[in-house]
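Heads up: the structure comes next, in structure tokens.
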Amino acid sequence: QASSVIATLVDVTEHRRAEDDFRRLVETADEGIWQFDQDLNTRFVNARMAHMLDYPPDEMLARNAASFMDAD
């Protein structure tokens, strides 16, 4: 019985480095950054935005944007 293996290797070093640099930039920005999905659920929030809303960032994840708004 013959066996075959096909392998593909992709060097993602530069891509990973760019992602790390972008994340560092976003996390240290003086501006609040808040990302939502199509249903307005929080996908990402940086520390500045969470501080502006007085929430820990991890408590904001997956919560709908409306839950952070005043009823008025």
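Along the sequence shown, residues carry numbers from 1.
- Two residues are said to be in side-chain contact when any heavy atoms from C-beta on lie closer than 4.5 Å; Trp34 and Met60 meet this criterion.
- When the side chains of ILVMFWY residues are joined at heavy-atom separations under 4.5 Å, either directly or via intervening members, Phe36 and Tyr55 end up in a single hydrophobic cluster.
- Phe44 is listed as a side-chain neighbour of Val26, based on a closest heavy-atom distance under 4.5 Å.
- Between Arg23 and Asp20, none of the side-chain N atoms (NZ, or NE/NH1/NH2) sits under 4.0 Å from a carboxylate O, so this pair counts as no salt bridge.
- Note on Arg17 versus Glu14: salt bridge recorded, some NZ/NE/NH1/NH2 to OD/OE distance being below 4.0 Å.
- Interatomic distance, Arg24 CZ to Glu19 CD, rounded to the nearest 0.5 Å: 12.0 Å.
- When all heavy atoms are compared, the tightest approach of Ala50 to Pro56 is CB-C, 4.3 Å.
- Geometrically, Arg63 engages Phe68 in a cation-pi contact, judged by NZ or CZ lying under 6.0 Å from the ring centre and within 45° of the ring axis.
- At distances below 3.5 Å, at least one donor-acceptor pair connects side-chain atoms of Arg48 with backbone N or O atoms of Asp30.
- Nearest heavy-atom pair across Ser67 and Asn64 is OG-O, 2.7 Å.
- Heavy-atom neighbours of Asp54 CG from other residues, nucleotides or ligands within 6.0 Å: at or below the threshold of 12.
- Val10 belongs to a hydrophobic cluster whose remaining members, ordered by chain and number, are Val12; membership requires side-chain heavy atoms of ILVMFWY residues under 4.5 Å apart, directly or through intermediates.
- Contact detail for Asp37 and Asp39: the closest heavy-atom pair is OD1-N, 2.9 Å.
- Legend: residues meeting side chain to side chain contact (heavy atoms under 4.5 Å, CB included) with Ala29, ordered by chain and number and at least two apart, are Glu31, Ile33, Asn46.
- Listed by chain and residue number, Thr42 satisfy the side chain to side chain contact (heavy atoms under 4.5 Å, CB included) test with Leu61 (two or more places apart in sequence, or in another chain).
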